[in-house]
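For reference, the structure discussed in these notes is given below.
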Number of protein chains: 2
Amino acid sequence: MQNLQNEEKKYYLELYPIQHLFSFDIMSLVEVHHFERGEWIIKEGNFPQYLYFLIEGKAKVYMTQENGKVALISFAQPNAFIGELELLDEEYYSKGVQTMTTTICLALPILKCKEELLSDVVFLRYLCTFLGNKTSLMTAQFSKSLAYPLENRLAEFIVLSAHNNIYKEKHTEVCDYLGVSYRHLLYVLAQFCEQGLLEKRGRSYTITNMSELKKRAITTSV
Amino acid sequence: MQNLQNEEKKYYLELYPIQHLFSFDIMSLVEVHHFERGEWIIKEGNFPQYLYFLIEGKAKVYMTQENGKVALISFAQPNAFIGELELLDEEYYSKGVQTMTTTICLALPILKCKEELLSDVVFLRYLCTFLGNKTSLMTAQFSKSLAYPLENRLAEFIVLSAHNNIYKEKHTEVCDYLGVSYRHLLYVLAQFCEQGLLEKRGRSYTITNMSELKKRAITTSV
DNA sequence: ACCTAAATATGAGATATCTCACATTATTTT
DNA sequence: AAAATAATGTGAGATATCTCATATTTAGGT
């Protein structure tokens, strides 16, 4: 991690102004943190020193289960808070957050800001909205995971994550995310190929029948 | 639903004071709603008129999937908000909320209060904490549902919901909640009996080996 | 360029879980 | 009390998914 200074810091603060999320002056406190791909923004179980606001890049949120399985819970994208649950609850067990690309976060030192943040209407209102969406997404994801077999959940995932009809995610990541074994993921992908929905080209898959793929996907309005 | 008045209303307002959750005067606006067992506090897909705060009773939160399966998402217990996501997001698709017992809710008319609520530091701070816990629980539940077979999830559920070593939940409800078929739920219960963890007595089950049952349960610290 | 760890691939056999059909109680409603 | 509805129980066969073993390929580090 790099704590950016001077010119670089100024650059990001001007490109992504966040003063409007707060009613007190944040500029004297905010830091800009730069993470390389693969770095951990928060290590699982470690209480973070900062409340982060992700502005560039993408990160994975992980949790290790007692049985050793690693669950990939969600992806943090621009405009997501990281560490907000820890800000609200000192007892919270932190999930691991690992960057997937170079990532830039605005960082507010919790020690210095906590009281002010938790008394700030503007910030709290924004945080409520963020948490509401998070809950809502989580709930949808949860109920889907129970109600549908992989065939449907994978179809949805492919539709959502493909670019230009090309699906190219890492299998290892996807099976953690969808909570199935690597083996089974490949079975279902192979099945999609057999059925003419996808076509395998080297390491990636081309969508050859989008409409049918969408039919299999879950379309619950959320 | 009954909108309680006078003595009855006064009774509940004095028994469960909530003025401390707000920094403006709530007493002139708050209503006390009484629901019979089985009534819907919110019908799925219908935007509610009130923000509710459950003070007595218990309710189930449901969502119907496109494939017709009904997912029992969570249980609302005393001190839970109901309708808070709708307060934050007008586009939110409401989950169904049905009471399991006679239930008393404090009810704030959204139309009249929304602006004031969303500008109230005390309320927002409380709501953030509530939403944070909700997210956190949902996340835990989600990742467990992916990482563990029914054997473990059911063991946990039994340990949590048994009273005096007696487990007595409705199978139909439990299988919606755990996202498995009725058939399979009974298989695993029968298995627990065979293995001496439970003993079936009429319609209920007595826990005969709590320590072993706890071993099967998921103990992830949350 | 070489080594190593991670990611991809595939087969075979075992389990977990589902669907459907059907019978038997409870619980509500009329 | 009869009828209707919801909840319980069980069998049999089909799928979905997992575990493990093992081989190959790719990407990162020195």
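Lettering of chains follows the sequences in order, A, B, ..., and the numbering in each one begins at 1.
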Within 45 degrees of the ring normal and closer than 6.0 Å to the centroid, is that where the cationic atom of A:K95 sits relative to A:Y62? no
What is the separation between atom CZ on A:F192 and atom P on D:dA16, rounded to the nearest whole Å? 11 Å
Between CD of B:E36 and P of C:dT29 the distance, given in whole Å, is 12 Å
Do the two ring centres, one from B:Y205 and one from B:F192, sit under 6.0 Å apart? no
Mapping A:H171 and B:K69 to their closest nucleotides on DNA chain C, which lands nearer the 5' end? A:H171
May I have the distance from A:L185 (atom CG) to C:dT10 (atom P), rounded to whole angstrom? 12 Å
Heavy atoms only, 4.0 Å cut-off, all strands: where does A:G179 land among base, sugar-phosphate and nothing? sugar-phosphate
Within this structure, what is the NZ-to-P distance between A:K200 and C:dT8, rounded to whole angstrom? 10 Å
Starting from P on D:dA16, measure out to CD on A:E151 and report it in whole angstrom. 7 Å
Looking at every strand, decide which applies to B:G38 at a 4.0 Å heavy-atom threshold: base, sugar-phosphate, or nothing. nothing
Whole Å only: how far is the OH atom of A:Y182 from the C1' atom of D:dT25? 11 Å
Which nucleotide in the set D:dT17, C:dT10, D:dA12 lies at the smallest distance from any side-chain heavy atom of B:Y187? D:dA12
Closest nucleotide of DNA chain D for A:R203 versus for A:V180: which of these residues is on the 5' side? A:V180
Under a 3.5 Å cutoff, is there a donor and acceptor pairing between the side chains of A:S211 and A:N209? yes
With heavy atoms under 4.0 Å as the rule, sort A:S181 into base, sugar-phosphate or nothing. base
Contact class for B:H184 (heavy atom, under 4.0 Å): base, sugar-phosphate, or nothing? base
Position toward the 5' end of DNA chain C (nearest nucleotide), B:P149 or B:R37: B:P149
Checking side-chain polar atoms at under 3.5 Å, does B:E44 have a donor or acceptor matched by the opposite partner on B:T64? yes
Gap between atoms CG and P, on B:L146 and C:dT17 respectively (whole Å): 12 Å
Would you kindly give the CZ-to-C1' distance between B:R153 and C:dT17, to the nearest whole Å? 11 Å
D:dA6 phosphate, OP1 or OP2, under 4.0 Å from B:T172 side-chain N/O: no
Ignoring hydrogens and angles, tell me if any N or O in the side chain of B:T99 forms a donor-acceptor pair with the backbone of B:E36 under 3.5 Å. yes
